[in-house]
Structures are given as C-alpha cells and as structure tokens.
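Notes to accompany the following structure.
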2 protein chains.
Amino acid sequence: MAAARVRSGGRPTLEEVAARAGVGRGTASRVINGSPRVSAQTREAVEAAVAELGYVPNRAARALAGNRTDAIALVVPESETRFFAEPYFSDIVRGVGAALADTEMQLLLTLAGNDRERRRLASYLTAHRVDGVLLVSVHADDPLPDLLEQLGMPSVISGRRHAAETLPSVDSDNFEGARAAVDHFISRGRRSIATITGRLDVYGAQRRLDGYRKAIASAGLDPDERLIAPADFSEEGGARAMRELLVRRPDVDAVFAASDVMAAGARQVLRESGRRIPDDVALIGFDDSAVARHMDPPLTSVRQPIEEMGRTMTRVLLQEIANRSEDRAVERPRIVLPTELVVRESS
Amino acid sequence: MAAARVRSGGRPTLEEVAARAGVGRGTASRVINGSPRVSAQTREAVEAAVAELGYVPNRAARALAGNRTDAIALVVPESETRFFAEPYFSDIVRGVGAALADTEMQLLLTLAGNDRERRRLASYLTAHRVDGVLLVSVHADDPLPDLLEQLGMPSVISGRRHAAETLPSVDSDNFEGARAAVDHFISRGRRSIATITGRLDVYGAQRRLDGYRKAIASAGLDPDERLIAPADFSEEGGARAMRELLVRRPDVDAVFAASDVMAAGARQVLRESGRRIPDDVALIGFDDSAVARHMDPPLTSVRQPIEEMGRTMTRVLLQEIANRSEDRAVERPRIVLPTELVVRESS
DNA sequence: ACTCCCCTTGGGAGCGCTCCCAAGCCTACG
DNA sequence: CGTAGGCTTGGGAGCGCTCCCAAGGGGAGT
C-alpha cells in the first residue's frame, strides 16, 4: 500500500508533523488552526516541524472532517459573460481575489447557463459544500437566490433583484450616478435631455431611470416621456433607441445612455444624422469602460467601483459565513457604493 | 451527535442510498461511478434510490478517498488581470467553462501576484490537490511552469514561453496573423510598412514581429529596421513608438501594431500629426478587441480565437490528467490555432 | 498541606467515499 | 455430475483531519 501509489511528493500529514514536533495530533492541529489553547513552547515546536516538513494541510480531509470547505463560489450567468466581457467580469474577480488574498478561502468559478441549470446548481453548490456563494448579475426572476436562501447557504448578491431584496447585497449607486450625469448636462445648459434605458427588469437600469427623472424634475424641466427610450444594453438597441429619439424630439441636445455600449450605438446614429458631439448633442454613458475611453470623442461616463464591489461582496460573504450559526435574525447588509462621473469630451 | 449539528438539508450519504436500494455500499459506488461491473437490475435500483433521495456525492470525501479532486485551477497572473481585462479573460473562462460543462470537474480561479507568491502557489496547488493547472499569460522567466513540471502536476500553458516550450501548450498563430496583416497592406499598395511590437520577451510578440519580417521579405520590400518600433503593449507605449516612427520614416504609409491598445495610441499620434486613417496611413491592430470595434475609424485587427483556446487548453489538460499515470514519454501536445484578419475601415 | 480548578495535552471516533479482497453464484465445459 | 472460471457483490480498511472527552500537571486558595 505504502509505496504502491506513485505520488509526486508524498506530502507530509498532520500525524507526521506531530511526531516530528514530539506532540500529539490534536495539539498539532490546534497550533495549525491558531487555537489559543497551546503553550508558547509547544506552538514553536510545531511551527518548526511544519516549516521543516513543508506541511500544508489537506483540504479534502479538512472539509470532510470539519464539514466546511473554505471555498466560496462565484456564480456567473454564462449567457452573460460576453455581455459583461467588459472590465466588469475581470474587475469583480480582482476584487474578490484581493479580499480573499489573506484568507484560506478558495474561489470556485461557476458558469450557470439557463434557469434549469441554475436550479441544479443549487443542489450542487450545497452538495459540493461551498461555504458561501457570490451571485453576480441576477435577473429579477432568477430562481437561484431564493433557492440558496431556503437552503440556508450564505450568499451575497451584486446589485439587487428589486427594491425589497432579501439577500445581503452590494450595489453601486445607480440612482445618484444617473442623477449626476443629468445634473452635469443641466449645468452645461442642456435642456432637452433624453435617456436611453437598459432592460427595465434589471433593477439597476430602473434606478438609473429613476435618477434621470429625479434630476429632470429637480431642475424644473419638462418631464417629457418622449425623451425616454427603452433599450436592452446592446449597441444595436442603443442605436435603435437613438433613432426613435431623433424622430420624437429632433431638438434633443443631450442623451444619457444607461451603458457605454448603448452610448456607442447612439453615437453612431447621431453621427449619421449629421449631429456633432458634443456641440449639437452631448452624450454620457454608464460603466466607464474601455469603450468610453476610446470612443471618438472620448465619452463622459459614470464609473462604478466594480473592483471594490467585488471586494465588498466578499467581505460581506465572509462575515455571513462567520455568522452562519448565529442568530438568524441578524439583519442583512445592503451596501450601496458611490458612483462617479468621469467627464470627458462628449459632454 | 446525530441531530446535534444543524445542517440545512441533511444530505443523504452513499450508505443511505445503498440501504434504500437494498445493496451494499460498494455496489452503490460502482453504479454511481459508472462501473460496468454491475447488473442492469442492480443499476436501476441504485439509480432509483439516487433519484428519490436526491443524492449528490460529497466531493471532499471523494477527494480524500480517491486522492484526486476533480478540480483544475486556472492560474492568472494578478498583475495582469487589468492588462487583459479586454475580452481575453472572460473569453478564456467561457472556453474553459464550455469544455468543463459535461464534466464533473470544477474550476478553481487562482490569482497569483508576484513571483514569490507564484512559488508558494505551486506547493498550494499540489497540497490542495488540484488535478491539473491551466497557466495563462506566462512570462519567459516565470518559475511556476517549471515547478509544476517538476512536481509532475499536469499543466497546460497558453501561448509559450519560448520556441522550445516543454509543457503542453495552446497558442494562436501569431506568426501567420502578423503576416496576413502585412500582406493585406501590401495587396492594397502600401510600401512603407512599419510595425509597433509588444514586449519582445513575450514569445507571441516575437512571433508577430517574425511574421511581419517574413511578409516584408516575401514581398521583396526593403526591410528597414527603422520601420520597427518596440513598445510594451500599452497605449502610451504605442503612442511613443508611433512618434519615433514618424521621425525616422515620415513617409510611413502603414502601421501594424501588435495589439489594439497600441494601435489606439498610434492612432492618436497619427491624428495629431495631421495624417488621415486610412488615407495617409493605414493601421492594423491585433486582438480584435472592443477597442478595435469602437475606434474611429473602426480598426482592422487580427482576431485570436480566445474562447477556443480556452476550450482547447481544457481538453488538452483533461487528456493529460487522464494520461497522468501513463507513459511519461508521451509527447506533449503543442497546438496552434489559426488567427483571422478582420478587415474594417482603418486599412 | 490538601483540595479545587484551570490549562494543556493525547488520542479515539468519526466525516463519506474509493479501493480492493474475498465470498457467493451461475454458466460452461470436460 | 464435478469443477474451473467469470460475474457480481458486500464490506473492511483506510484517506487526513477536526472535534471532543478524559487525563495529567500546576498553581492558587484556605
């Protein structure tokens, strides 16, 4: 049995560390897990043994014995990875990675396709015993969040599904971001300010529209519904919406698009209609993506602190995991991170 | 002990499935792992029990008993996640996810910072017992690949470190991509064709330069070294290189930049110098990123099949893992995927 | 000086699964 | 009719670790 299996290193076990340090397995375990119930002298001996042997605990054994995994899953709706191929994805990951850096936690990346798969996913996640789940880009009717909640799996959601989100959530301030964009238009003397919205079943898109409305109203401008063109976050959708706007209100002199990509579509249409940006029509996007920086003219855009969202989500999740067995009545954190208007030449 | 721990579901175990099906644990295990050494009748009984109980195997137990993990790690150099925030990262992940979809394999995402961390990483990866490693964006002097190779950990590398790469690798055809770009210039009558290179310690960048040289030579053009400007993949570097080119060869009428981002920098400088694109100077980038599509004018660019690279890498890795215990002498696959010139208005 | 209590420590009992051996059964063959 | 050999099958022995209990040692208190 012993030498039968050709293992690369023959990793040392806790037992071996304990033997080397001249202590029992339990004591060695205590040292490794930072329990305070160990004398300084013993601790040193064990630590020395760990160093000498290059011991690294076996995760599987830990997970099995401890009924936890020291791993969290980042669930990404696969259908959308392309959609948010923009910095979003990688920035979130960086944030999560940063927050996990000093932890023993591992990050599991899970791509979930359609709803059926997501349903299966819930059972997988609990069976594979992930300690917690990070949910990114969730639709209002996604079944997964509720499933996870029922299963008592600690979870944090990016954005929200609706105003009454029950899960802990970390969102950016879509409302204020939109408002800042429109206020910016107003302060520069624009009066016929339109908006191209994202899919309004996405809470964030709704909030951006709310912010737009609020800014218009606060400024005492005429809230013309013809200045609101719904789209779907796509470039083509943005172009289509822009065309509609030009028909309905040819005098439009500013457009706030709820995403940079839609702004790119709008820009195209504005160009084709012979309008100059920003001279004739000012344009602002949302996301502050690479598209914004490289657009011609460079696009003013609302920046979301995406990496920070990833970091915060992770911190909140770790907290939730730590509180797991605690009072179920602890209130769920709902964090809203500030957005920032990055002014470039399009406005 | 039994009901002491408040577990969400009280997941069924193999033992319970076996009891329910009226068979032994071993038999149940065989069915679940698709062993052929089970009678059809028994198989059905076990499968029924699995379905009724909603049994899902416990990964940790499996890993511990089977000395494998059914997980692979995607190692991303953290310092570069921003650098390749462009489609790259998410496309790779999609490809990997797609290849893993029908598998039981999980994907572990590991961000490794500097070299020291990467060194530690090797021991972690083996201790956490990942079955294999996907290495993305590796520098020529990265210690990790060799460490993994020594440890006998199945690994696949994207791109290569150098011509004599020892690890299994999946790369895109940088050489042909570059050549196609330059050939395209030539076919459109350009004669003073320059190139802005990436960091030449990156093998891919070197190959792109080779392709450029080859195309120039094949066409019988004068291979003027002044037409070759080294840069570092950054926008600012691209701009700097372009300025140099304009000084050295003011008559340049075409520029092949080894990345879209550098092309964006070059475009800026060309604009400032009063040159029109493509009328005065044609421009081609590499990557076919969002930047290319949204540039003004839209940038002709060499597309790499990134998602497919992710898929292929994964398949190769799974194969390597399957062959693990086999002959060590099996040759290492080195796959090169074709690139494609996407012609837009800048050329 | 004796007792009580707290701090440390060792190690048994699993966690749920895979691996493998030995046993039971049936079929085919001599 | 006996026996060899192939299929299936059950279940013991761990995998390496955490949890927890009981035991041993001191120090403080009276």
Side-chain angles (χ1 to χ4, degrees), chain A residues 1-7 9-46 50 53 55-70 104 126-129 131 325, chain B residues 1-7 9-46 50 53 55-70 104 126-129 131 325:
Chain A
M1 194 80 226
R5 189 171 289 282
V6 185
R7 288 298 301 157
R11 293 261 152 206
T13 68
L14 223 211
E15 197 84 51
E16 293 170 321
V17 170
R20 175 95 173 206
V23 303
R25 182 168 28 79
T27 304
S29 174
R30 262 168 237 128
V31 171
I32 284 158
N33 293 292
S35 156
R37 323 231 124 281
V38 188
S39 71
Q41 188 188 350
T42 306
R43 163 163 288 115
E44 272 173 38
V46 174
V50 166
L53 263 35
Y55 171 77
V56 183
N58 179 316
R59 268 209 137 82
R62 260 197 173 155
L64 184 56
N67 197 52
R68 70 200 158 96
T69 58
D70 291 335
E104 279 291 85
T126 51
H128 294 170
R129 296 229 162 70
D131 291 344
S325 44
Chain B
M1 194 76 224
R5 191 171 286 283
V6 185
R7 288 298 300 158
R11 292 262 152 205
T13 69
L14 224 210
E15 198 84 50
E16 293 170 320
V17 170
R20 174 96 173 203
V23 302
R25 181 167 31 77
T27 304
S29 173
R30 262 167 237 129
V31 171
I32 283 156
N33 292 294
S35 157
R37 323 231 124 281
V38 188
S39 72
Q41 190 187 349
T42 307
R43 163 164 287 114
E44 273 173 38
V46 173
V50 166
L53 264 33
Y55 172 77
V56 182
N58 179 315
R59 268 208 138 85
R62 258 195 174 160
L64 183 57
N67 197 51
R68 70 201 158 93
T69 58
D70 291 336
E104 279 291 85
T126 51
H128 296 170
R129 293 226 163 70
D131 292 343
S325 44

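Side chains included, hydrogens not; waters and symmetry mates left out as well; all remaining heavy atoms used.
Using a 4.0 Å cut-off, no side-chain N or O of B/S29 falls inside it from OP1 or OP2 of C/dC17. Here A/N33 reaches the OP1 or OP2 of D/dT18: one of its side-chain N or O atoms lies under 4.0 Å away. OP1 and OP2 of D/dC15 both lie 4.0 Å or more from every side-chain N or O belonging to A/T13. In this structure, B/R37 reaches the D/dT8 phosphate: one of its side-chain N or O atoms is under 4.0 Å from OP1 or OP2. Applying the 4.0 Å criterion to OP1 and OP2 of D/dT9, one finds that B/S39 has a side-chain N or O inside that range. Residue A/T27 has no polar side-chain atom (N or O) positioned under 4.0 Å from OP1 or OP2 of C/dT8.
A donor N or O paired with an acceptor N or O is not found under 3.5 Å between the base of C/dG16 and the side-chain atoms of B/R11. Contact of B/R30 with D/dT8 (side chain to base): no donor-acceptor pair of N or O atoms is detected under 3.5 Å.
The line from CG of A/N67 to CZ of A/R62 is 14.5 Å long, rounded to the nearest 0.5 Å.
Proximity note for A/A61 (side chain, C-beta onward) versus D/dG16, D/dG10, C/dC17: the nearest is D/dG16. Side-chain proximity of B/R68 to the nucleotides D/dG10, C/dT18, C/dG10 is greatest for C/dT18. Side-chain proximity of B/A65 to C/dG16, D/dA13, C/dT9: nearest is C/dG16.
Residue B/L14 contributes atom CG, which lies 20 Å from atom P of D/dG14 at whole-angstrom precision. As a whole-Å value, the separation of A/N67 CG from C/dC17 C1' is 15 Å. In this entry the distance linking CZ of A/R62 with C1' of D/dC17 reads 8 Å, nearest Å.
Looking at B/E16, its side chain does come within 3.5 Å of a backbone N or O of B/T13 through a donor-acceptor pair.
Between B/V38 and B/L64, the residue anchored nearer the 5' end of DNA chain D, judged by the nucleotide with its closest heavy atom, is B/V38.
Between A/L14 and A/S29 there is a side-chain heavy-atom pair separated by less than 4.5 Å.
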